[in-house]
Amino acid sequence: MTEYKSDLLRLLSERGHIHQLTDAQGLDALAAKEIVVAYNGYDATAPSLHVGNLASVMLLRRLQQAGHKPIALMGGGTTKIGDPSGKDTSRQMLTEEIIAANIAGIRKVFDRLLTFDDSATGAIMVNNDDWLSKLGYIELLRDVGPHFTVNRMLTFDSVKLRLDREQPLTFLEFNYMILQAYDFRELALRHGCRLQFGGSDQWGNIVNGIELTRRMNGIEVYGATTPLLTTADGAKMGKSVNGAVWLNEEMLPNYDFWQFWRNTDDRDVGRFLRIFTDVPLDEIARLEALQGSEINAAKAVLANEVTALIRGREAAEAAQATAQATFAGGGLGQDLPTLEVGDGSIGVIEALIGLGFAASRGEAKRLIAGGGARLDGEPVRDDTAVIEVLAERRLSSGKKKHGIIKPA
RNA sequence: GGACAGGUGGCCGAGUGGUUAAAGGCAGCAGACUGUAAAUCUGCCCGCGCAAGCGUACGCUAGUUCGAAUCUAGCCCUGUCCA
């Protein structure tokens with residue numbers, strides 16, 4: 001079953017990108033004989049993608065590496081509605097200006113991971129607002145409406161989940177799946193797109209798109225879903241201290257991004273190396289076989305390679321140097337959060353807040369009371385303590401979060 | 001439009017007049033153990049304050065009461081069923 005003829009499916013399956021395929025043989029045959037145009041859709045709800053989206057971007061990267069053409073579809077139009085899939089509450093609707101700004105932010109990561117040009121395999125980015133916002137209601141009902149039955153729509157997990165949980169599902173959101181199916185057909189017509197990727201929660205939407213395209217235009221298209229990425233301890237991938245692990249540097253510093261990967265669960269290292277890096281498979285096999293504390297070396301490779309891909313080699317090296325100095329040397333690295341003090345001294349509480357280690361004075365006090373605050377490695381027990389800042393000093397929250405306090 | 005059920009802290013979910021800043025769980029933070037891992041155990045977990053305490057908080061508004069998340073009225077929102 002893993003014996004694919006096409007380089008594409010072989011590559012994707014050995015890297016762990018595939019969960020389900022609508023027609024494995026048909027797609028395999030297609031990919032073996034011609035350039036396949038494939039897309040993945042992205043919401044424009046935030047100014048950056050996050051780690052939860054990264055697997056799909058890597059997937060498009062591999063597609064291009066295998067000699068095919070990726071389309072990054074920006075959901076500028078559908079973002080105006082809100083996807084009910086897997087969510088239990090409606091999403092806030094955004095204005096056109098915000099959506100446009102978000103798309104510009106999201107574009108950055110694609111520029112790093114895909115090659116955009118006019119060649120046959122050059123990546124392109126399109127916005128479904130281009131066609132969705134021009135759509136007339138009557139026209140849509142007439143052309144698309146007959147191909148969907150409500151009976152069927154009600155059986156999709158995305159809808160059932162909301163209904164079962166007794167959470168509201170508005171008609172607006174209910175229509176999301178129709179628009180998404182329409183996207184696939186539109187891309188098939190405009191760009192010869194034959195394949196849609198999506199998370200496993202998008203299966204229903206993808207299938208709808210395939211059927212709609214076939215019924216309206218007689219074109220056979222395919223779908224593939226990616227596994228839902230969870231960490232080994234069962235949590236959704238991509239959450240961190242302050243929420244999402246953003247891909248854009250403005251949203252999350254390089255060092256924190258690097259640290260996120262460095263702290264990967266042992267059991268996830270091999271899987272993540274395959275999905276999120278271009279490290280050769282035999283090298284990954286070697287790395288994930290490391291036992292005990294040696295696997296930390298594999299985590300460093302993971303952190304370096306992902307950071308290099310998303311933030312640039314230089315950023316990865318700087319982050320690693322900082323981590324090296326901070327953890328192995330017990331010293332300071334320049335990528336650590338830094339607080340400049342003008343008066344030569346500062347209260348511990350203010351310092352903890354200033355470095356972002358505590359959100360409020362109360363939180364800072366609790367940290368100190370719990371023995372989690374350390375100045376140059378020594379626990380600070382007194383929350384009224386004043387730190388003399390004549391040279392660089394190291395203030396830590398717990399064992400992993402370190403910061404620099406230095407004279408201005 | 002009608003009947004019934006419901007709206008509690010980031011989430012889930014107890015609580016039906018004071019002892020409730022609100023049980024419990026999850027998530028989060030910290031400590032121990034370690035390998036910057038996991039699991040486990042322990043502490044913390046609205047804000048301000050050294051503290052006593054103060055301020056906010058149980059859909060919204062107005063009431064009853066010495067005292068309300070808990071009672072009353074109106075409103076808003078959601079679900080289920082009926083029209």
Side-chain angles (χ1 to χ4, degrees), chain A residues 84 86-90 154 159-174 230-245 255-273 287-288 290-304 307 319-333 335-336 347-350 352-353 355-375 377-386 394-403:
Chain A
K87 307 210 175 55
D88 41 16
T89 45
S90 309
L154 289 174
V159 172
K160 259 201 317 202
L161 184 77
R162 282 286 273 279
L163 296 179
D164 290 348
R165 285 181 148 202
E166 298 194 351
Q167 293 284 352
L169 174 68
T170 61
F171 184 66
L172 183 81
E173 294 173 285
F174 190 54
T230 53
T231 53
D233 51 355
K236 252 181 249 157
M237 175 85 195
K239 295 288 181 213
S240 81
V241 199
N242 302 313
V245 178
Y255 174 71
D256 293 332
F257 186 79
W258 193 92
Q259 279 293 321
F260 168 78
W261 295 99
R262 175 56 248 271
N263 284 307
T264 297
D265 190 300
D266 285 7
R267 296 164 289 178
D268 293 326
V269 174
R271 193 160 52 108
F272 287 0
L273 277 167
L287 288 170
E288 71 179 335
L290 293 173
Q291 293 301 310
S293 62
E294 293 192 345
I295 199 156
N296 283 334
K299 293 183 188 181
V301 171
L302 175 65
N304 280 338
T307 306
Q320 186 182 27
T322 292
Q324 182 73 23
T326 308
F327 289 97
L332 296 163
D335 266 13
L336 293 177
V348 222
I349 293 177
E350 285 69 31
L352 287 169
I353 294 172
L355 285 169
F357 293 162
S360 67
R361 297 181 58 82
E363 202 177 294
K365 286 182 198 173
R366 276 179 236 123
L367 178 68
I368 293 166
R374 286 187 176 81
L375 180 63
E378 293 299 312
V380 178
R381 292 287 175 189
D382 177 10
D383 60 27
T384 61
V386 172
R394 162 169 148 151
L395 185 64
S396 315
S397 165
K399 300 236 166 87
K400 289 190 202 165
K401 285 183 284 186
H402 306 284

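Proteins get letters first, then strands, A, B, ... in listed order; numbering begins at 1 in each. Since the structure is predicted, the reported quantities are computational estimates derived from the model, not experimental observations.
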side-chain contact (heavy atoms from CB on, under 4.5 Å) partners for [X], two or more places apart:
{"X": "A/Leu367", "result": "A/Leu352, A/Ala373, A/Ser397"}
{"X": "A/Ala385", "result": "A/Val348, A/Val380, A/Asp382"}
{"X": "A/Thr307", "result": "A/Phe257, A/Trp258, A/Arg311, A/Ala316"}

Hey, what are the protein-to-nucleotides 34-36 of chain B N/O distances that come in under 3.5 Å?
{"unit_1": "B/G35", "atom_1": "O6", "unit_2": "A/Asp266", "atom_2": "OD2", "d": "3.3"}
{"unit_1": "B/G35", "atom_1": "N1", "unit_2": "A/Asp266", "atom_2": "OD1", "d": "3.3"}
{"unit_1": "B/G35", "atom_1": "N1", "unit_2": "A/Asp266", "atom_2": "OD2", "d": "2.6"}
{"unit_1": "B/G35", "atom_1": "N1", "unit_2": "A/Gly292", "atom_2": "O", "d": "3.4"}
{"unit_1": "B/G35", "atom_1": "N2", "unit_2": "A/Asp266", "atom_2": "OD1", "d": "2.6"}
{"unit_1": "B/G35", "atom_1": "N2", "unit_2": "A/Asn296", "atom_2": "OD1", "d": "3.2"}
{"unit_1": "B/G35", "atom_1": "N2", "unit_2": "A/Lys299", "atom_2": "NZ", "d": "3.1"}
{"unit_1": "B/U36", "atom_1": "O2'", "unit_2": "A/Asn263", "atom_2": "OD1", "d": "2.3"}
{"unit_1": "B/U36", "atom_1": "O2", "unit_2": "A/Gln259", "atom_2": "OE1", "d": "2.7"}
{"unit_1": "B/U36", "atom_1": "O2", "unit_2": "A/Asn263", "atom_2": "OD1", "d": "3.4"}
{"unit_1": "B/U36", "atom_1": "N3", "unit_2": "A/Gln259", "atom_2": "OE1", "d": "3.3"}
{"unit_1": "B/U36", "atom_1": "N3", "unit_2": "A/Gln259", "atom_2": "NE2", "d": "3.2"}

Please collect all salt bridge (charged side-chain N to carboxylate O under 4.0 Å, His left out) contacts where either partner lies in residues 358-372 of chain A, sequence neighbours excluded, each pair once.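 Qualifying pairs: A/Glu350-A/Arg361.
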
Between the protein and nucleotides 50-53 of chain B, which nitrogen or oxygen pairs are less than 3.5 angstrom apart?
none

Mate of B/U36 across any strand shown (Watson-Crick or G-U wobble, both atom pairs under 3.5 Å) is none

Who pairs with B/C45 - Watson-Crick or G-U, where each distance is under 3.5 Å: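 Its partner is none (no Watson-Crick or G-U wobble pair with both distances under 3.5 Å).
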
Return the value, rounded to whole Å, for the distance between atom CZ of A/Arg267 and atom C1' of B/A39.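 After rounding, the reported distance stands at 8 Å.
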
Between B/G49 (P) and A/Ile368 (CD1): distance, integer Å: 12 Å

Indicate the atoms forming the closest heavy-atom contact of A/Ala369 with A/Arg381, along with that distance.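 Closest pair (atom of A/Ala369, atom of A/Arg381, distance): O-NH1, 4.3 Å.
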
Inter-nucleotide [atom1] distance ([N], [M]), Å rounded:
{"N": "B/C11", "M": "B/G2", "atom1": "P", "answer": "32 Å"}
{"N": "B/G1", "M": "B/C26", "atom1": "C1'", "answer": "42 Å"}
{"N": "B/A69", "M": "B/G55", "atom1": "P", "answer": "14 Å"}

For the side chain of A/Ser360, starting at C-beta, report the closest nucleotide among B/A30, B/C48, B/C45.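 The answer is B/C48, which lies nearest to the side chain.
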
side-chain contact (heavy atoms from CB on, under 4.5 Å) for A/Val269 and A/Leu287? Distances and angles first, verdict last. CA-CA 9 Å; A/Val269 174; A/Leu287 288 170; 5.7 Å; no

Distance below 4.0 Å between A/Arg366 side-chain N/O and B/G28 OP1 or OP2: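 Looking at the OP1 and OP2 atoms of B/G28, neither is under 4.0 Å from any side-chain N or O of A/Arg366.
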
